[in-house]
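All chains are named by letter (A, B, ...) in the order of the sequence lines, taking the proteins before the strands, and each is independently numbered beginning at 1. Side-chain atoms are counted along with the backbone in the values below, which use heavy atoms only and exclude waters and symmetry mates.
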2 protein chains.
Amino acid sequence: MKIDPSSPADLSAQIAAAIRESIVGGQLIVDERLPSEAELADHFNVSRPTVREALKRLAAQSLIRTQRGATGGAFVNRLSFEDAYSQQITTSTLLLSMNAVSFDTACEARYALERACAPLSAQRRSPDHLATMRAEIHRQSQPGLTDEAFCASDVDFHRALVDGAGNPVLSYQLAGAVEAMQPLMNMITFTARDRAAIVALHTRIANAVEAQNSNAACAALSDLEAETRGLAQSVFAARAARSNVDAP
Amino acid sequence: MKIDPSSPADLSAQIAAAIRESIVGGQLIVDERLPSEAELADHFNVSRPTVREALKRLAAQSLIRTQRGATGGAFVNRLSFEDAYSQQITTSTLLLSMNAVSFDTACEARYALERACAPLSAQRRSPDHLATMRAEIHRQSQPGLTDEAFCASDVDFHRALVDGAGNPVLSYQLAGAVEAMQPLMNMITFTARDRAAIVALHTRIANAVEAQNSNAACAALSDLEAETRGLAQSVFAARAARSNVDAP
DNA sequence: GACTTTTAAATGTCTGACAAATGAAAATTG
DNA sequence: CAATTTTCATTTGTCAGACATTTAAAAGTC
């Protein structure tokens with residue numbers, strides 16, 4: 001592990017990269033203890049604050065964890081699915097909100113991915129997943145539900161569908177696609193009729209999954225995609241028309 | 001933006017979380033300049049090194065960038081697709097390598113997701129994507145190619161397939177699934193016969209995509225999945241048998 | 001032997017300082 | 001006056017040294 005002191009890049013960034021390579025490359029294994037900050041500072045010929053900045057960078061990516069005390073130090077962290085989920089969601093959400101990704105593009109990606117899960121979910125879904133889907137459908141039918149609560153329930157419904165596939169890697173990959181859509185969906189006002197249509201489609205999906213009919217599930221998902229995109233389009237069109245009148 | 005000095009969590013972690021919330025929540029917009037380190041230290045009642053550790057955490061997630069000089073400082077960063085890709089790949093790779101995810105589980109997820117892209121790719125692929133796929137197939141047919149180069153070419157082929165869908169969000173989501181498999185694939189030794197079978201399947205996929213036949217593309221992908229899983233199974237079985245003899 | 005105290009090692013934080021980069025203002029020059 | 005150069009203030013990057021806090025192991029005590 002070497003760094004180049006004459007490089008224009010920050011020393012702490014270089015050190016973080018060097019250690020990261022060692023972890024990704026397998027030279028440092030899970031739960032192994034890194035040298036102490038003082039030893040690292042010595043090794044890289046930098047000061048302790050610089051080493052600390054490097055370690056904080058790695059901690060931010062959940063690559064290491066630190067522990068105080070006599071036997072403390074920095075340890076290579078086992079990246080849990082949970083940590084990976086939340087990183088994935090944060091990244092996806094920011095990516096969509098900061099890059100003027102159109103609603104259609106995000107929606108298309110999300111439903112394409114969900115249709116990839118549907119056959120597996122239809123095949124393997126547990127009673128638990130079905131129960132969650134039914135419960136969320138019921139919640140969505142309640143009158144007086146705020147738009148945000150409706151969207152949150154929508155996310156939970158789709159998560160149950162994805163988790164039903166019983167493949168944690170798939171669940172992880174889909175987490176970003178499903179959750180990152182929520183802020184976009186929150187921009188939509190759902191009328192009672194819109195909600196009824198969505199609930200009906202959710203019911204079709206749940207029925208298809210329960211009947212282990214993957215074709216029907218995919219078809220229902222496609223219809224839901226069309227419904228969602230149409231809904232968004234009319235909302236955005238109305239908004240654009242209004243702003244044209246307000247500020248000609 | 002407030003922090004709790006009596007909390008057991010690191011101050012730098014708390015400060016990072018507070019700023020992150022402001023970015024994700026939209027209080028800080030892209031390219032906006034954060035207060036200087038000295039001002040932040042003042043605001044949070046901590047020292048500058050502590051603030052710096054917090055900022056490095058955010059920089060590690062590409063949430064901010066820093067610039068030196070008179071008008072320098074920390075700026076909210078527009079998360080580029082490129083940055084998001086590489087974060088996604090790092091996270092996915094570590095998740096697979098650290099969590100004893102079976103080859104089958106990872107493989108199933110990957111091909112399920114690719115089949116989600118295939119219809120869109122068949123519909124929209126540009127001549128460029130087709131050319132890349134053909135070129136990689138040609139490279140894979142070269143004798144004397146190392147196993148690692150073969151795997152790298154495999155990844156490039158599949159990336160072209162995914163990018164053919166013309167949906168950057170989909171490409172981003174798939175990047176992790178495709179690239180994270182490479183280390184697992186690298187554990188396999190490909191015989192000439194294995195390679196021929198894979199090249200034949202790749203050709204079938206490319207032909208189907210060129211003919212805009214999404215059903216054929218999905219079918220070929222399913223066959224490739226079966227081929228890959230079978231291959232991995234026999235390799236791992238042979239390895240297990242050998243180690244049983246070596247160390248009874 | 002069980003309990004308490006001490007101690008050493010490690011991270012967490014602070015203070016103060018200097019170096020280096022950088023853009024803007026001021027001074028200089030044609 | 002315009003163009004160029006110089007100066008300068010601001011800000012991040014780095015360093016050195018110190019103290020606080022936490023933690024587990026070692027030493028001491030009953």
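In this structure, the salt bridge (Lys or Arg N to Asp or Glu O under 4.0 Å) partners of E37(A), at least two apart in sequence or on a different chain, are R48(A), R52(A). Applying the salt bridge (Lys or Arg N to Asp or Glu O under 4.0 Å) test to D31(B) and every residue at least two apart in sequence or in another chain returns R65(B). By the ring-ring contact (aromatic ring centres under 6.0 Å, His included) test, F157(A) pairs with H202(A), sequence neighbours left out. For D104(A), the salt bridge (Lys or Arg N to Asp or Glu O under 4.0 Å) partners two or more places apart in sequence, or in a different chain, are R229(A). A search for ring-ring contact (aromatic ring centres under 6.0 Å, His included) contacts involving F150(B) returns F190(B), not counting sequence neighbours. Judged as a salt bridge (Lys or Arg N to Asp or Glu O under 4.0 Å), and not counting sequence neighbours, R33(B) has no contacts.
Minimum interatomic distance between V76(A) and I29(A) (heavy atoms only, all atoms of both residues): CB-O, 3.4 Å.
L40(B) has its CG atom 15 Å from the C1' atom of dT10(D), to the nearest Å. Rounded to an integer number of Å, the gap from I64(B) CD1 to dT12(D) P is 10 Å. The distance between atom CZ of F44(A) and atom C1' of dC15(D), rounded to the nearest whole Å, is 17 Å.
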Could you list all N or O pairs between the protein and nucleotides 7-10 of chain C that sit under 3.5 Å apart?
residue, atom, partner, partner atom, Å
dA10(C), O4', G69(A), O, 3.4

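Nearest to the side-chain atoms of L11(B) among the listed nucleotides dT11(C), dT14(D), dC14(C) stands dC14(C).
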Donor-acceptor pairs are to be reported for all side-chain atoms of residues 54-61 of chain A against protein atoms at under 3.5 Å, with residues two or more places apart or in another chain.
residue, atom, partner, partner atom, Å
R57(A), NH1, S12(A), OG, 2.7
Q61(A), OE1, R20(A), NH1, 2.3

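Contacts of residues 45-58 of chain A with DNA chain D (heavy atom under 4.0 Å): N45(A), V46(A), S47(A), R48(A), T50(A).
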